[in-house]
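Have a look at the structure below, then the notes.
Side chains are part of it too, since the values below use all heavy atoms of this structure and drop only hydrogens, waters and symmetry mates.
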Amino acid sequence: MTLFVLLACLGGVLVGLSRQLNGRLSVSTTPLIASFWNHAIGFAALTCLGLFVGGLLPAGAAEAPWYAYLGGPLGVVFVAAGSWAIARIGAVNSALLIIGGQMVTGVAFDYVSGMPATFWANAGGIALIIGGMMVSRGRRKGERSQ
């Protein structure tokens, strides 16, 4: 179990590093160029890994429904938007926005899909997320004005 926790932490560090590098590259060039290089390097690295480890094209990939491949275009938009946001609002605020958005969207997906849930628990969770983001943003504004 410890190995998986360490791998998750490493994944988080690498995602944070990737966002920082994309944001810095976005400042030097444009968000689209930063997104292009992010995906070009990721494609090359994952292709090499897939060739080395095996399973580059998993069985049944051709039979997958068309919408299974929407992750790629959505990823391009997400990385480009993240590169644009980091350059304008900073890494911490963009990370808070992404995490909050993922949590609220997860609750919305659960609601739409009919998953059993308690309305007040979901509403309270969303209120806590938004409240935490507002408190965090308010503290940063106060620190800047001093």
Enumerate donor-acceptor pairs with a distance under 3.5 Å from any side-chain N or O in residues 24-31 to protein atoms, sequence neighbours excluded.
| residue | atom | partner | partner atom | Å |
| --- | --- | --- | --- | --- |
| Arg24 | NH1 | Ser28 | OG | 3.3 |
| Ser26 | OG | Ser83 | O | 3.3 |
| Ser28 | OG | Arg24 | O | 3.4 |
| Thr29 | OG1 | Leu25 | O | 2.7 |
| Thr30 | OG1 | Ile33 | N | 3.2 |

- Quick one: closest heavy-atom pair of Val76 and His39, and the distance? CA-CE1, 3.6 Å
- Task: Considering non-hydrogen atoms only, spot the tightest contact between Tyr69 and Pro65 and give its length.
- Result: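 Closest approach of Tyr69 to Pro65: CD1-O, 3.8 Å.
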- Hey, what do you get for CZ (Phe78) to CG (Asn38), rounding to the nearest 0.5 Å? 10.5 Å
- About how many Å separate CG of Leu14 and SG of Cys9, when rounded to the nearest 0.5 Å? 11.0 Å
- Task: Please name all residues satisfying side-chain contact (heavy atoms from CB on, under 4.5 Å) with Phe109, sequence neighbours left out, ordered by chain then number.
- Result: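 side-chain contact (heavy atoms from CB on, under 4.5 Å) list for Phe109, sorted by chain: Thr105.
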